Colleague: 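Before I ask anything, here is the structure I am working with.
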Amino acid sequence: MAKVLVLGGGTAGCAASHFLTDLGHQVTLIERSKVLGGSCRTYYWGGHPYTLGPRHFLTKQEKVWNYFDTHCPMTRYEGHEFFTYVERDQAFYHFPIHRDEVDEMPDADKIRAELGACKGPEQANNLEEYWLESVGPTLYDKFIRQYSKKMWQIESNSEITDFGFTPKGVALKTGPVKAAWSEAMSGFPTAANGYDDYFDLAVEGTDVHFGTTAEEFDIPNRRVMIDGEWTEWDIIVSTLSPEILFDSCYGELRWMGRDFFKLVLPVKEALPEHVFFLYYANDEPFTRIVEYKKFYKYDSPTTLLGIEIPSFRNKLYPFPMKKDQDLAQKYLDLLPENVYSIGRMGSYRYLDMGNIIEQCFDLAEKVGKA
Ligand SMILES: Cc1cc2nc3c(=O)[nH]c(=O)nc-3n(C[C@H](O)[C@H](O)[C@H](O)COP(=O)(O)OP(=O)(O)OC[C@H]3O[C@@H](n4cnc5c(N)ncnc54)[C@H](O)[C@@H]3O)c2cc1C
């Protein structure tokens with residue numbers, strides 16, 4: 001039986017604890033705050049449940065879906081559609097951009113000509129080139145240019161040099177199904193408190209310490225100082241930004257965060273049936289609006305919208321620039337055997353919850369049975 005320390009009690013830390021206690025290991029988890037779940041925890045505003053951002057679960061892997069659905073019963077979504085508001089057309093269009101909708105745009109002829117002239121994104125060195133060579137300048141301007149600059153607070157999207165350039169899978173979708181995640185299994189917990197019961201269940205066999213953080217690290221020897229005492233661990237699973245483990249010896253990693261505003265409206269539902277959130281790709285300061293009722297499915301005469309504004313006040317999105325990714329990799333290369341760095345912060349990657357559960361399957365395979 002290995003003595004394991006898990007750092008951070010978000011989705012990654014809770015799931016890692018679950019997988020490793022199931023294998024018979026002795027797991028201790030330290031969590032800085034007073035609650036589990038990190039940014040996927042359910043909070044309440046005037047009786048409305050919400051998380052920070054949408055946080056629906058999605059995966060293409062059956063084993064990931066089955067694991068989650070078994071331990072956190074899910075309501076499955078079919079036909080969940082994403083829309084982007086394009087102010088210059090005064091219209092909402094599907095995102096990913098759908099080929100059929102180009103014909104409905106006021107400048108359809110120009111866009112069709114540009115699409116015909118695209119060379120394809122194979123040689124693209126950055127996000128701007130990727131989109132220009134995939135869809136041409138007009139669609140790039142409508143959907144991507146301002147959105148990405150706003151998202152990362154940058155001058156030019158050519159700065160984005162290391163990224164799955166289209167996080168939603170394809171640049172220009174075709175075919176009869178316009179739903180964003182038609183190829184993935186997606187859903188949200190059926191429970192009224194979202195993921196919270198899962199987090200409790202996942203750490204049932206784990207020794208959890210709230211309001212606790214590590215004061216110092218000696219990672220080569222797998223030693224961590226907590227409450228003034230050094231302890232040596234057989235295995236460390238960190239879900240924290242990797243430079244923290246090494247006293248930021250190469251410098252700090254950059255993060256983009258979100259300021260989050262809540263808005264209650266005097267209507268039962270604000271968005272159309274299959275629309276759970278909207279993207280805004282123009283000069284407005286926010287990037288996304290989420291209607292929580294769509295996820296939590298509760299009855300109320302009013303509805304809560306969450307409005308997300310990019311900010312540097314918290315650590316949510318790792319920067320998709322090569323220099324930032326290279327710096328993170330320098331830290332990850334320092335990890336010795338039996339020290340793992342997982343989760344969105346720990347990997348310094350744009351991972352969703354499904355990807356994090358995949359990481360925990362891998363972790364369990366590497367660590368093995370007690
Ligand atoms: C706005 C937004 C919306 C998203 N929407 C979706 C979505 O719809 N679907 C989806 O699948 N994914 C979504 N994601 C991504 C997904 O939710 C995250 O990847 C995932 O929840 C990250 O889990 P985590 O455990 O790695 O990190 P976190 O949830 O951030 O958890 C980290 C935990 O570590 C604790 N901690 C931090 N520092 C310390 C320390 N020094 N010592 C001890 N504890 C510490 C924190 O308090 C926290 O509990 C979204 C992400 C964002 C930012």
Side-chain angles (χ1 to χ4, degrees), residues 5-18 28-42 50-60 64-65 68 72 74 77 80 82 151 167-168 180-181 184-189 194-196 198-199 202-203 208-217 224-227 236-245 255-260 276-277 279 286-290 292 294-295 306-311 313-318 340-360:
L5 175 67
V6 175
L7 300 164
T11 305
C14 290
S17 302
H18 193 209
T28 299
L29 182 153
I30 61 167
E31 165 54 48
R32 185 176 58 183
S33 76
K34 298 264 176 333
V35 292
L36 295 169
S39 40
C40 293
R41 181 139 196 116
T42 294
Y50 72 93
T51 50
L52 197 169
R55 314 284 176 165
H56 59 309
F57 190 88
L58 50 113
T59 179
K60 291 183 183 168
V64 169
W65 178 267
F68 218 81
C72 181
M74 304 290 277
Y77 298 138
H80 167 187
F82 297 177
M151 167 85 190
K168 302 289 177 264
W181 295 113
M185 291 162 270
S186 86
F188 195 76
Y195 296 96
D196 293 3
Y198 166 74
F199 299 129
V203 301
V208 181
H209 297 254
F210 288 108
T212 304
T213 182
E215 288 123 38
E216 280 187 58
F217 295 95
V224 178
M225 189 199 276
I226 300 167
D227 291 335
I236 296 173
V237 180
S238 173
T239 71
L240 314 182
S241 189
E243 84 274 30
I244 293 175
L245 305 183
W255 291 87
M256 180 50 70
R258 284 282 181 276
D259 286 339
F260 184 73
F276 294 33
F277 48 85
Y279 293 108
F286 46 90
T287 48
R288 183 164 56 188
I289 289 186
V290 181
Y292 285 98
K294 300 303 176 79
F295 293 100
I307 301 170
E308 297 171 42
I309 300 187
S311 127
R313 268 187 275 268
N314 43 29
K315 291 183 174 183
L316 295 173
Y317 293 101
Y340 302 92
S341 188
I342 64 163
R344 186 174 275 214
M345 278 199 289
S347 312
Y348 200 71
R349 278 275 155 194
Y350 195 95
L351 301 178
D352 57 35
M353 298 176 79
N355 300 139
I356 287 173
I357 302 300
E358 275 174 49
Q359 284 188 325
C360 290

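Count residues from 1 along the sequence. Keep in mind that what you see is a predicted model, and the values were worked out from it rather than measured. As a basis for the values below, the full set of heavy atoms in this structure was taken, side chains included, without hydrogen atoms, waters or symmetry mates. One-based numbering, in listed order, for ligands and for the atoms of each.
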Colleague: Among E215, R258, E308, R288, which residue places a heavy atom closest to atom 3 (C) of ligand 1?
Modeller: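 Checking each option, the heavy atom nearest atom 3 (C) of ligand 1 is found in R288.
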
Colleague: Please check whether S39 reaches ligand 1 - meaning an N/O of the residue sits under 3.5 Å from an N/O of the ligand, judged on distance alone.
Modeller: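 By distance alone, the answer is yes.
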
Colleague: How does N355 reach ligand 1, if at all, at less than 4.0 Å between non-hydrogen atoms: by side chain, backbone, both, or neither?
Modeller: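 Within the 4.0 Å criterion, N355 makes no contact with ligand 1.
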
Colleague: Would you say L240 contacts ligand 1, with heavy atoms under 4.0 Å as the rule?
Modeller: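 It does; at least one heavy atom falls under 4.0 Å.
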
Colleague: Taking only heavy atoms of C40 into account, list the atoms of ligand 1 that are under 4.0 Å away from them.
Modeller: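 Within the 4.0 Å cut-off of C40, ligand 1 contributes 17 (O), 21 (O).
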
Colleague: Please work out, at 4.0 Å between heavy atoms, whether the side chain, the backbone, both, or neither of A12 comes within that distance of ligand 1.
Modeller: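 It is both parts that get close, each with some atom under 4.0 Å.
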
Colleague: Note the single closest protein heavy atom to atom 42 (N) of ligand 1, along with its residue, its atom name and the distance in Å.
Modeller: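 It is T213 OG1, 3.0 Å.
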
Colleague: Where is the nearest protein heavy atom to atom 47 (O) of ligand 1: which residue, which atom, and how far?
Modeller: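 Sorting protein heavy atoms by distance from atom 47 (O) of ligand 1 puts E31 OE2, 2.6 Å first.
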
Colleague: Just let me know how D352 lines up against ligand 1, side chain, backbone, both or neither, with a heavy-atom cut-off below 4.0 Å.
Modeller: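 The answer is both.
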
Colleague: Looking only at heavy atoms of T51, does any of them come nearer than 4.0 Å to an atom of ligand 1?
Modeller: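 Judged by the 4.0 Å heavy-atom criterion, T51 does not count as contacting ligand 1.
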
Colleague: If you take all heavy atoms of P310 and T287, which pair is closest and at what distance?
Modeller: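 Taking P310 first and T287 second, the nearest heavy atoms are CG-CG2, 3.7 Å.
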
Colleague: Answer yes or no: is there a donor N or O on one side and an acceptor on the other, between the side chain of T239 and the main chain of L7, under 3.5 Å?
Modeller: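 Present.
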
Colleague: Aromatic rings Y198 and F68: how do their planes relate, parallel, tilted or perpendicular, breaks at 30° and 60°?
Modeller: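 Tilted, since the angle between the ring planes falls between 30° and 60°.
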
Colleague: Is there at least one pair of N or O atoms, one from R344 and one from ligand 1, spaced under 3.5 Å apart?
Modeller: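 Yes - when backbone and side-chain N and O of R344 are compared with those of ligand 1, one distance drops under 3.5 Å.
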
Colleague: Under 4.0 Å from a heavy atom of T212: give me the atoms of ligand 1 that qualify, with their elements.
Modeller: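 Counting atoms of ligand 1 from 1, those under 4.0 Å from T212 are 43 (C).
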
Colleague: Output the distance between atom CG (L58) and atom CE (M353), rounded to the nearest 0.5 Å.
Modeller: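 If we round to the nearest 0.5 Å, L58:CG and M353:CE are 9.5 Å apart.
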
Colleague: Assess the pair F188 and Y77: is the distance between their ring centroids shorter than 6.0 Å?
Modeller: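 Aromatic pair excluded; centres sit 6.0 Å or further apart.
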
Colleague: Quick one: does D196's side chain have a donor or acceptor within less than 3.5 Å of a partner on T42's backbone?
Modeller: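 Answer holds: yes.
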
Colleague: Going by the closest heavy atom to atom 31 (O) of ligand 1, which one wins out of G10, A184, G346?
Modeller: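 Result: the heavy atom closest to atom 31 (O) of ligand 1 is in G10.
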
Colleague: What about T239: any of its N or O atoms under 3.5 Å from an N or O on ligand 1?
Modeller: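 N/O-N/O distance below 3.5 Å does not exist for this pair.
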
Colleague: Identify, by atom number and element, the atoms of ligand 1 in contact range of G343, meaning under 4.0 Å from any of its heavy atoms.
Modeller: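 Numbered from 1, ligand 1 contributes 26 (O).
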
Colleague: Considering only protein heavy atoms, which is closest to atom 34 (O) of ligand 1, and at what distance to one decimal place?
Modeller: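 In this structure, atom 34 (O) of ligand 1 has G8 CA, 3.4 Å as its nearest protein heavy atom.
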
Colleague: Could you tell me the separation between the CG atom of N355 and the OG1 atom of T11, rounded to the nearest 0.5 Å?
Modeller: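 Interatomic distance, N355 CG to T11 OG1, rounded to 0.5 Å: 11.5 Å.
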
Colleague: Can you tell which of I226, V208, L5 makes a side chain to side chain contact (heavy atoms under 4.5 Å, CB included) with T28?
Modeller: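 Of the listed residues I226, V208, L5, the side chain to side chain contact (heavy atoms under 4.5 Å, CB included) partner of T28 is L5.
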
Colleague: Please list, in number order, the atoms of ligand 1 under 4.0 Å from a heavy atom of I356.
Modeller: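 So the atoms of ligand 1 that pass are 19 (O), 20 (C), 22 (C), 23 (O), 26 (O).
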
Colleague: For atom 44 (N) of ligand 1, what is the nearest protein heavy atom, given as residue, atom name and distance?
Modeller: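 Answer, as residue, atom name and distance: R32 N, 3.1 Å.
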
Colleague: Mind checking whether M353 has an N or O less than 3.5 Å away from an N or O of ligand 1?
Modeller: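 Between M353 and ligand 1, an N or O pair is found under 3.5 Å apart.
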
Colleague: Indicate the atoms forming the closest heavy-atom contact of R288 with F277, along with that distance.
Modeller: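 Shortest heavy-atom contact: CD-CD1, 3.9 Å.
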
Colleague: Name the closest protein heavy atom to atom 9 (N) of ligand 1, giving the residue it belongs to and the distance to 0.1 Å.
Modeller: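 Ranking protein heavy atoms by distance from atom 9 (N) of ligand 1, first comes H56 O, 2.6 Å.
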
Colleague: How far does CZ of F57 sit from CZ of F295, to the nearest 0.5 angstrom?
Modeller: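 F57 CZ to F295 CZ: 14.0 Å, rounded to 0.5 Å.
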
Colleague: Answer with side chain, backbone, both or neither: which part of I30 has a heavy atom less than 4.0 angstrom from an atom of ligand 1?
Modeller: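 Near ligand 1, I30 shows its backbone, while the atoms from C-beta on stay back.
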
Colleague: Which distance, rounded to the nearest 0.5 Å, do you find between the OG of S39 and the CZ of R344?
Modeller: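 The distance works out to 8.0 Å.
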
Colleague: Considering all heavy atoms of both residues, which atom of I307 and which atom of F286 are nearest to each other, and what is their separation?
Modeller: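 That would be CG2-CB, 3.6 Å.
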
Colleague: Please check if a non-hydrogen protein atom sits closer than 4.0 Å to atom 27 (O) of ligand 1.
Modeller: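 Given the 4.0 Å cut-off, atom 27 (O) of ligand 1 does not count as touching protein heavy atoms.
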
Colleague: With rounding to the nearest 0.5 angstrom, report the CG to CD1 distance, D227 to I30.
Modeller: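 With rounding to 0.5 Å, CG (D227) is 8.5 Å from CD1 (I30).
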
Colleague: What protein heavy atom lies closest to atom 19 (O) of ligand 1? Include the residue and the distance to one decimal.
Modeller: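 The protein heavy atom lying closest is L351 O, 2.7 Å.
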
Colleague: Checking the N or O distance criterion of under 3.5 Å, is ligand 1 in contact with I342?
Modeller: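 Looking only at distances, the answer is no, because the N/O contact criterion of under 3.5 Å is not met.
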
Colleague: Considering only heavy atoms, which of K34, M256, R41, R55 lies nearest to atom 18 (C) of ligand 1?
Modeller: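 Going through K34, M256, R41, R55 one by one, R55 has the nearest heavy atom to atom 18 (C) of ligand 1.
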
Colleague: Which atom names give the shortest non-hydrogen contact between R55 and Y195, and what distance separates them?
Modeller: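 Closest heavy-atom pair between R55 and Y195: O-OH, 2.6 Å.
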
Colleague: Which value, rounded to the nearest 0.5 Å, describes the distance between I309 atom CD1 and R258 atom CZ?
Modeller: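 So the CD1 of I309 and the CZ of R258 are separated by 9.5 Å.
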
Colleague: Starting from atom 32 (C) of ligand 1, what is the nearest protein heavy atom, named by residue and atom, and what distance separates them?
Modeller: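 Result: M345 CE, 3.8 Å.
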
